[in-house]
K.L.:
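The following block contains the structure, expressed as structure tokens.
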Amino acid sequence: GAGVSQSPSNKVTEKGKDVELRCDPISGHTALYWYRQRLGQGLEFLIYFQGNSAPDKSGLPSDRFSAERTGESVSTLTIQRTQQEDSAVYLCASSLTGTGSTGNTIYFGEGSWLTVV
Amino acid sequence: SQQGEEDPQALSIQEGENATMNCSYKTSINNLQWYRQNSGRGLVHLILIRSNEREKHSGRLRVTLDTSKKSSSLLITASRAADTASYFCAPSNSGYSTLTFGKGTMLLVSP
């Protein structure tokens, strides 16, 4: 696609419910990232997928958070038993390959705003 | 990955003035990128500077890099109200494939 697409753009859920957030990266991008940004805060890295390699899950805050990616396409971030502190915007991004020494640009989606009430 | 720290946290200026934001980091890098974020939306890439470069320009943006001081600066000249946004730096090296972002500098440009 033309850019990184995320859905839903907004989600209000009750505490304790599960939510799924979807990300469609730019076609041909092998690297995909999820970040979380709480109101007025910086971005927290959550998880990184690169091709068929094992994902880097080092940023996931708890076992309630999980993510999957099918090949080099769509990714889903799942939050189980949501808590109020999960309220944030969840940003997905993709790049041609990992950034590292290559300096590849990361392209972000518009985010999924999650509110847990 | 390593995280850059932006300074100041907030900056308020008038249209037409220049805005300077700084970034410090801790370990050696291959490159450093600057991104911009409008109102909690996705970040947009502005400019990349490599470790063997000292200065780079793109339109009204000027980025400098001092690897000896492990710091970078972003200068926006002749600022406009539309430049109001948060600005993030992202240092990177070959040991890492991801970018980590700090809290950013929130720039407010008043008409």
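Every chain is numbered from 1, with letters handed out A, B, ... down the list of sequences. Worth saying up front: this structure is predicted, and the values here are computed from it rather than measured.
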K.L.:
Hey, mind stepping through Gln50(A) and Thr30(A) against side-chain hydrogen bond (donor to acceptor under 3.5 Å, both in side chains) and telling me if it holds?
P.N.:
CA-CA 6 Å; Gln50(A) 169 60 59; Thr30(A) 64; 2.8 Å; yes

K.L.:
Which atoms of Leu48(B) come close to chain A, meaning under 4.5 Å heavy atom to heavy atom: side chain ones, backbone ones, both, or neither?
P.N.:
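Contact with chain A is through the side chain of Leu48(B) alone.
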
K.L.:
Take Ile106(A) and His45(B), measure what side-chain contact (heavy atoms from CB on, under 4.5 Å) needs, and give me the verdict at the end.
P.N.:
CA-CA 7 Å; Ile106(A) 291 184; His45(B) 177 258; over 6 Å; no

K.L.:
What part of Leu43(A) gets within 4.5 angstrom of chain B, counting heavy atoms only: side chain, backbone, both, or neither?
P.N.:
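When you check distances to chain B, atoms from both the backbone and side chain of Leu43(A) fall under 4.5 Å.
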
K.L.:
Select, from Leu32(B), Leu43(B), Ile29(B), the one with the greatest count of heavy-atom pairs under 4.5 Å involving chain A.
P.N.:
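Result: the option with the highest number of such pairs is Leu43(B).
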
K.L.:
Quick one: sort the Tyr35(A) and Phe108(A) rings into parallel, tilted or perpendicular, breaks at 30° and 60°.
P.N.:
tilted

K.L.:
Please say which of Asp66(B), Asn22(B), Thr64(B), Asp7(B) ends up in a side chain to side chain donor-acceptor pair (under 3.5 Å) with Ser73(B).
P.N.:
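Only one of Asp66(B), Asn22(B), Thr64(B), Asp7(B) forms a side chain to side chain donor-acceptor pair (under 3.5 Å) with Ser73(B), namely Thr64(B).
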
K.L.:
Are Glu5(B) and Lys26(B) ion-paired here, with the side-chain N under 4.0 Å from a carboxylate O?
P.N.:
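Between Lys26(B) and Glu5(B) there is a salt bridge, with a charged N closer than 4.0 Å to a carboxylate O.
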
K.L.:
Is it the backbone or the side chain of Glu110(A) that comes under 4.5 Å from a heavy atom of chain B, or both, or neither?
P.N.:
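Glu110(A) touches chain B through backbone and side-chain heavy atoms alike.
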
K.L.:
Which atoms of Gln37(B) are under 4.5 Å from chain A, going by heavy atoms: the side chain, the backbone, both sets, or neither?
P.N.:
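Side chain only.
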
